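Nothing fancy with the numbering, it's 1 onward along the sequence. Counting starts at 1 for both ligands and their atoms, following the listed order. Computed from a predicted model, the values in this text were never measured in an experiment. Values below: every heavy atom of this structure, side chains too, minus hydrogens, waters and symmetry copies.
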Amino acid sequence: MPAPLTSAAQDAAPPSPPAAGRPVFILRGVARTYLMGEVQVAALKDVDLDLYEGEFVVLLGASGSGKSTLLNILGGMDTPTAGTIRYLDHDLTHAGDAALTLFRREHVGFVFQFYNLIPSLTALENVQLVTEISESPMDPVEALTMVGLGDRIDHFPAQMSGGEQQRVAIARAIAKQPDILLCDEPTGALDFQTGKLVLEVLSRINRELGTTVAVITHNAAIARMAHRIIYISSGHITRVEFNKNRVSPAEIEW
Ligand code: ADP
Ligand code: MG
């Protein structure tokens with residue numbers, strides 16, 4: 001059984017950014033091993049990580065380096081095979097399915113590479129699916145306006161470009177007012193110009209709503225917009241950089 005989070009583990013905290021908010025996630029010694037028949041695949045190995053309230057962090061690494069595994073653990077879709085993970089006062093390390101579901105519902109918004117919109121529902125209706133079951137949702141029209149689609153609320157997914165569909169997916173993710181937005185390759189299926197618009201929307205949400213945003217990418221150019229860049233390689237965090245010269249997504253080229 002993984003050791004409980006002790007004050008000694010707290011003392012070993014990785015360096016924190018200047019003027020950071022409080023840590024919301026605290027991971028210590030997190031590992032995730034998959035069993036493939038008789039072979040063990042170590043997707044994550046001994047990860048120590050704090051994520052701070054209100055930060056925009058980019059997790060950068062090659063394909064297969066463990067980024068999605070880490071994001072799934074942060075988002076309560078998976079649990080570590082070793083180590084500890086806390087979100088504020090929630091111990092996610094030993095949480096069961098019901099507790100993880102509640103954690104996700106109350107605190108986490110997800111954005112994936114593919115938008116997973118319901119084709120038979122309009123943009124507004126796709127967002128309403130979430131706001132109807134949320135405790136303190138945003139007005140769905142406001143969420144769509146925030147992503148620049150206030151004039152497209154009655155359009156169906158098939159009537160929208162990939163970038164617009166991704167922005168509907170982002171509106172859906174933020175409409176429940178999550179504390180943290182976890183994005184796994186959000187621009188992975190988009191061309192450069194469209195991808196930049198999506199990144200601008202994520203940056204705006206972080207700035208204006210104060211939502212902690214973590215973006216996973218294998219595109220190093222995107223990292224330039226982050227407060228902090230976390231490099232992942234072969235299941236390890238190999239480097240952490242505080243970005244002194246953040247650039248707006250509009251200035252990013254790839
Ligand atoms: P990334 O998102 O950086 O591309 P992943 O976290 O998806 O990397 O995967 C990390 C490693 O774990 C890879 O070697 C991958 O093949 C393996 N892996 C991921 N998910 C599973 C799974 N469900 N079963 C077995 N192996 C997996
Ligand atoms: Mg991945």
Nearest heavy atoms of [X] and [Y], plus distance in Å:
X: Asp184; Y: Ser68; answer: OD2-OG, 2.7 Å
X: Ser203; Y: Pro249; answer: CB-CG, 4.3 Å
X: Arg228; Y: Tyr52; answer: NH2-CD1, 3.7 Å
X: Asp179; Y: Thr211; answer: O-CG2, 3.6 Å

Please find out if the Mg ion (ligand 2) and some N, O or S atom of Thr69 are separated by less than 2.8 Å.
no
With a 4.5 Å cut-off on side-chain heavy-atom distances among I, L, V, M, F, W and Y, is there a chain of contacts connecting Leu197 to Val147?
no
Between the main-chain N or O of Ile229 and the side-chain N or O of Asn243, is there a donor-acceptor pair closer than 3.5 Å?
no
Residues in contact with ligand 1, criterion: heavy atom under 4.0 Å:
Tyr34, Met36, Val41, Ala43, Ala62, Ser63, Gly64, Ser65, Gly66, Lys67, Ser68, Thr69
